[in-house]
Amino acid sequence: MSASPSPYLTQESEYNLSEDVVTKITEMAASFPEKNSALIPALHLIQDQFGWVPPPTIKQLAQLLKTTPNKIYGVLTFYTMFNLKPVGKYHIQICRNVSCSLLGAKHIIDYLTKKLHIQVGETTADGKFTLTLVECLGACGMAPVMMINDKYYENLDEKKVDQILKTLK
Amino acid sequence: MANQNILLNFDRNGANHTLENYLKRKGYSTLSEKIPNMKPEQVLDEVKKSGIRGRGGAGFPAGIKWSFLPKDSDKPVYLICNGDEGEPGTFKDRVILEENPHMLIEGMILAAYAINAKHCYIYIRGEYGFALQRVQQAVDEAYRAGYLGKKLTGANYSCDITVHKGAGAYVVGDETGLMNSIEGKKGQTRNKPPFPAVEGLYQCPTIINNVETLASVPWIIDHGGAAYHSIGTEKSSGTKLLSISGHVRKPGVYEVDLGYPFMDFLNKDCGGVIGNRKLKAVIPGGSSTPVLRPEDCEKITIDYESIAEAGSSLGSGAILIIAEGSCMVKTLEVLTHFYHHESCGQCTPCREGTGWLHKIVKRIEAGQGKMEDLDLLTSITKHIAFHTICPLGDAACGPVDSFVKKFKDEFIEHIKTGGCPFGGKFVRFQERV
């Protein structure tokens, strides 16, 4: 088991929504027929601020949207794009679905685990890279494909992976 | 036979996403020239006449869907564009969203006019960051030019569009799952009835269509429903975007007239199978559609009826090509993992069953399968399909049943030899175009 404390035990003051995020969420909530429609866009904003969705922010969000933390937590855990724990500076998400598999996704996954010395789901010790497997990214014609943060990298092979990693400082 | 370019009417290497470029292609002319002389019912009639069927996968005629809206409701009507393209193998809507977003916006404005919707949502899957950016830019441009907002340029009605970013869930591609997602809930699907046309987004009458369907509307209204209906076949009218991937020499997105011969498309347009290998299997309409053997594909044409007759479905138009030398059990293992991962957990048969399917296929691939497993797989699918709220359960069964039926020998070989004859790997192809 990991020795790091559960995020639930972290001091809330470390994770305050920025003023900008609060303003945007409030505006969005007012723009929909129902406030709750702003929930998913709001979670995206929170993730943009912290790189993940820290549990203490859920309480703050619940107050803004007049809902309960439990309801938010249900939504948060339903969607795969929200990170429930911190990820590295570069979040590498490799497609493991059919078109990518047919064209060597497994090979790219193995290559990256070896190169970064981490298993799938782990983050490098320096906090730079996190490796995750994802389902179809909708770029099947350019398989194999991975996404790093919000950018797609297509037609991958080992050489290309090397080049891409070199550009990520 | 020359295929028409209705949706891909631009140079694929240029900057086509701007308003300026779209106007050069006579964009928004349908809105500013035809609509002032047309009543909403006439727009609806043309779409009905065109016979266009929903391009998301189910193939339900769009005009008929629109006519399900209650006539006597005093609630607002919503229009949603489903851009949650998640069906494995599908990447055709992405081309419209990224390269031709104004055509989609014009289509939505026209559709909104026909069904009297004042507010529209474009829901785009969260992974499509670039598409989201392009569509938002296009929406902003359209507002500035007066095509969106109060009292539209050239027309006497108002229309607003909100772009909504998804967050990663295949099941949200289902109509009611998507509505729940816009409402800020888990993207689980709703029981029908009530159908969305009666009670959809925010419990109001709602029409939801795929990106490609809505982007076809400007052409249909401009040229007339009859002109659109004259393209393609009697029951499958118009053009269709196909996204072809897998072991094919020239993968990508193509637009063809429905009724186009499949083998011509594969060999002439897409350059055939890579590595000069023999064709082993084709999944013709996205991962949920039953797999076909090469001999099933010889005579099929790309339209709803012909592929249905061959025992599969045109689905979203996502064609997956699998070459000789690939392990079908491994391929099915990848697919069953996907459905298990994406099952939303709402209905027991799907939540439990997709996991069992994956476990069994995985053990066959690992050489630990038993002969009884083949019957077990088909008995599980019998208990999932049509016993769930949404079609995800059915979707998971299509590949399993068809793979086991059409490639039974390969499954048996895995079981009898206690291992994967292909070494548990996919072929690696060096040759790429």
Note to self: Just so I understand: if I count every heavy-atom pair under 4.5 Å between each of B/Y170, B/F91, B/Y128 and chain A, which residue has the most?
What the structure shows: B/F91
Check: So does B/K75 have more than 12 non-hydrogen atoms from other groups sitting under 6.0 Å from NZ?
Finding: yes
Next item on the list: Could you have a look at B/G168, B/A167, B/G184, B/G129 and say which one has the most heavy-atom pairs with chain A under 4.5 angstrom?
Entry: B/A167
Note to self: Out of B/R125, B/E87, B/H119, return the one with the most heavy atom pairs under 4.5 angstrom to chain A.
What the structure shows: B/R125
Margin query: As an exercise: rank B/G246, B/C344, B/G187 by heavy-atom pairs under 4.5 Å with chain A and give me the winner.
Written below: B/G187
Notebook entry, point to check: Do B/R94 and A/E154 meet the salt-bridge criterion of a basic N to acidic O distance under 4.0 Å?
Noted result: yes
Next item on the list: Side-chain contact test, heavy atoms from C-beta onward, threshold under 4.5 Å: evaluate it for B/H247 versus A/L103 and give yes or no.
Entry: yes
Next item on the list: Looking only at non-hydrogen atoms, find the nearest pair between A/C136 and B/G86 and report the distance.
Entry: CB-O, 4.3 Å
Checklist line | Side chain to side chain, B/H164 and A/P41, heavy atoms closer than 4.5 Å | finding: yes
Checklist line | Part of residues 18-37 of chain A lying next to chain B, heavy-atom separation under 4.5 Å | finding: A/F32, A/P33, A/E34, A/N36, A/S37
Note to self: Looking only at heavy atoms and a cut-off of under 4.5 Å, which of A/G74, A/G138, A/A139, A/A38 has the most pairs with chain B?
What the structure shows: A/G138
Item checked: Exercise: identify the closest heavy-atom pair between B/P251 and A/G141 -> CG-O, 3.3 Å
Next item on the list: Below 4.5 Å from any heavy atom of chain A, which atoms of B/V171 appear? Answer side chain, backbone, both or neither.
Entry: side chain
Margin query: Out of B/Q188, B/K330, B/E85, return the one with the most heavy atom pairs under 4.5 angstrom to chain A.
Written below: B/Q188
Note to self: Counting heavy-atom pairs closer than 4.5 Å to chain B, which one of A/H44, A/M147, A/K106, A/Q93 comes out on top?
What the structure shows: A/H44
Check: Do B/I182 and A/I40 touch side chain to side chain, with heavy atoms closer than 4.5 Å?
Finding: no
Margin query: Please check if the number of heavy atoms outside A/K71 that lie under 6.0 Å from its NZ is greater than 12.
Written below: no
Checklist line | Pairs of heavy atoms under 4.5 Å with chain B: top-ranked of A/T80, A/L76, A/L43 | finding: A/T80
Item checked: Heavy-atom pairs under 4.5 Å with chain A, option from B/C204, B/S243, B/G166, B/A318 with the top count -> B/G166
Next item on the list: Decide side chain to side chain contact (heavy atoms under 4.5 Å, CB included) for A/C140 and B/T90; before the verdict, give the C-alpha distance in whole Å, the side-chain angles of both, and the deciding distance to 0.1 Å.
Entry: CA-CA 7 Å; A/C140 322; B/T90 317; over 6 Å; no
Check: Of all heavy-atom pairs between B/G89 and A/S99, which one has the smallest distance, and what is that distance?
Finding: CA-OG, 4.2 Å
Check: In this structure, are over 12 heavy atoms from other groups packed under 6.0 Å from B/K362 atom NZ?
Finding: no
Notebook entry, point to check: Of all the residues in residues 123-133 of chain A, which have a heavy atom that comes within less than 4.5 Å of a heavy atom in chain B?
Noted result: none
Check: B/H337 versus A/E135: any side-chain heavy-atom pair under 4.5 Å?
Finding: yes
Check: Just wondering, do A/Y152 and B/E127 contact through their side chains at under 4.5 Å, heavy atoms?
Finding: yes
Checklist line | Other residues, nucleotides, ligands: >12 heavy atoms within 6.0 Å of B/K280 NZ | finding: yes
Check: Yes or no on side chain to side chain contact (heavy atoms under 4.5 Å, CB included) for A/Y79 and B/V172, after CA distance, side-chain angles and deciding distance?
Finding: CA-CA 10 Å; A/Y79 296 94; B/V172 167; 3.9 Å; yes
Next item on the list: Start with the C-alpha distance between B/V334 and A/L102, add both sets of side-chain angles, then the distance that settles side chain to side chain contact (heavy atoms under 4.5 Å, CB included), and finish with yes or no.
Entry: CA-CA 10 Å; B/V334 170; A/L102 286 170; over 6 Å; no
Notebook entry, point to check: Which region of B/I321, side chain (C-beta onward) or backbone (N, CA, C, O), has a non-hydrogen atom less than 4.5 Å from a non-hydrogen atom of chain A, or is it both or neither?
Noted result: backbone
